[in-house]
Number of protein chains: 2
Amino acid sequence: MESELVIRALGALAQEHRLALFRLLVQAGPEGLAAGAIAEALGVPASSLSFHLAQLTNAGLIAQRRDGRSLIYSADYAAMNALVGFLMENCCGGAACAPTAACVVEPKDERKSA
Amino acid sequence: MESELVIRALGALAQEHRLALFRLLVQAGPEGLAAGAIAEALGVPASSLSFHLAQLTNAGLIAQRRDGRSLIYSADYAAMNALVGFLMENCCGGAACAPTAACVVEPKDERKSA
DNA sequence: TCCATGATTCGATAATCGTGGAAATATCAA
DNA sequence: TTGATATTTCCACGATTATCGAATCATGGA
């Protein structure tokens with residue numbers, strides 16, 4: 001993960017509604033939530049929410065998929081892990097610190113090629 | 001760590017110079033670096049750097065101490081760990097994910113009471 | 001006390017961001 | 001098609017942020 005993307009990710013999270021939104025999706029798991037459900041949960045007007053969803057999407061923190069009329073958003077755990085890894089990289093010059101942080105989502109049906 | 005502080009921390013990190021600055025301090029370890037040394041390393045004017053240092057300090061991400069005429073800044077690892085923990089909290093509804101992330105700095109001389 | 005050094009505060013300016021209603025765009029069902 | 005629902009795009013506004021030179025403050029040495 002390169003620094004420019006990291007900045008976009010941090011900037012995306014550095015906002016009341018978006019932080020709540022991202023955490024909501026993190027806790028919702030891979031299933032995700034529809035935009036409408038999110039708007040209701042957060043109490044944010046649809047147009048504002050859409051703006052925030054776009055910010056998070058653009059930062060690579062969440063993914064979007066369609067289900068009928070609904071757009072389902074879900075957290076991208078790999079991006080979250082990469083972000084955390086970037087921050088802690090070479091912590092203490094690599095001395096005593098060997099930080100590891102990862103939220104590993106068990107794949108349901110699909111197989112990763114790597 | 002409560003959400004308002006987390007937002008300040010994320011906002012503080014979501015900026016080119018400040019992200020580079022924080023990472024510089026994370027990698028420098030508990031010793032820290034003087035403001036002048038940081039300014040030189042980053043190629044940022046003193047007044048600008050001071051502004052950024054204040055942002056990070058205000059967010060609780062770095063600490064300041066004086067050594068003669070120099071002000072030494074160092075990363076607050078506990079704050080960094082708390083920030084990461086907050087983001088990953090209850091990941092996937094607590095299901096399969098047990099994320100742990102911590103950069104533990106070995107205490108030099110002092111003992112923690114907790 | 002006087003001076004040099006390290007760093008912060010002040011102030012003005014330009015740029016970016018968050019907001020939410022109205023209009024436009026998808027999708028589905030009849 | 002027509003209509004209803006789900007969501008996004010457009011737009012204009014106020015608010016916040018980043019920048020950096022000049023002035024100021026703090027420290028230590030002579």
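This is a predicted model, so every value here is computed, not measured. Proteins come first, then strands; the chains are lettered A, B, ... in the order of their sequence lines, and each starts at number 1.
- In this model, the phosphate group of dC17(C) is not approached by any side-chain N or O of His52(A) to a distance below 4.0 Å at OP1 or OP2.
- Closest to the side chain of Ser47(B), out of dT8(D), dG21(C), dG21(D), is dG21(D).
- Pairing each heavy atom of Leu19(B) with each of Ser3(A), the nearest pair is CD2-O, 4.1 Å.
- Residues Val84(A) and Met88(B) meet the side-chain proximity criterion, which asks for heavy atoms closer than 4.5 Å.
- Per the geometry, CG belonging to Asn58(A) stands 15 Å off P belonging to dT16(C), to the nearest Å.
- Remark: P of dT19(D) and CZ of Arg18(B) are 8 Å apart, rounded to the nearest angstrom.
- Per the geometry, CG belonging to Leu19(B) stands 18 Å off P belonging to dT17(D), to the nearest Å.
- Applying the 4.0 Å criterion to OP1 and OP2 of dG20(C), one finds that Ser48(A) has a side-chain N or O inside that range.
- The side chain of Gln55(A) lies closest to dG18(C) when the candidates are dG20(C), dT8(D), dG18(C).
- Using a 4.0 Å heavy-atom distance criterion, Ser70(A) is classed as a sugar-phosphate-only contact.
- Between the CG atom of Leu71(B) and the P atom of dC25(D) there is a distance of 16 Å, rounded to whole Å.
- In this structure the side chain of Phe51(B) reaches within 4.5 angstrom of the side chain of Arg18(B), judged on heavy atoms.
- In this structure, Leu49(A) places its CG atom 9 Å from P of dT7(D), rounding to the nearest Å.
- Among dA7(C), dT7(D), dA18(D), the nucleotide with an atom closest to any side-chain atom of Tyr73(A) is dT7(D).
- The shortest distance between the side-chain N/O atoms of Gln15(B) and the OP1/OP2 oxygens of dA15(C) is not below 4.0 Å.
- The same ILVMFWY cluster, assembled from side-chain heavy atoms under 4.5 Å apart, contains both Leu87(B) and Leu42(A).
- Ala9(A) and Leu83(A) get closest at one heavy-atom pair: CB-CD1, 4.1 Å.
- Comparing dT5(C), dA22(D), dA6(D) against the side chain of Arg69(B) picks out dT5(C) as the nearest.
- Taken residue by residue, residues 33-44 of chain A places heavy atoms nearer than 4.0 Å to DNA chain D at Ala34(A), Ala35(A), Gly36(A).
- Within the 4.5 Å cutoff, side-chain heavy atoms of Leu49(A) are placed close to those of Leu21(A).
- Rounded to a whole Å, the CD1 atom of Ile72(B) is 13 Å from the C1' atom of dT27(D).
- Across the protein-nucleic acid pair, Gln64(A) atom CD and dT7(D) atom C1' stand 9 Å apart, rounded to whole Å.
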Inset, instruction - Might you work through the side-chain contact (heavy atoms from CB on, under 4.5 Å) test for Ile38(B) and Leu25(B), ending with a clear yes or no? - result: CA-CA 9 Å; Ile38(B) 299 171; Leu25(B) 291 182; 4.1 Å; yes
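- OP1 or OP2 of dT27(C) lies within a sub-4.0 Å distance of a side-chain N or O belonging to Arg66(A).
- As a whole-Å value, the separation of Leu56(A) CG from dC17(C) C1' is 14 Å.
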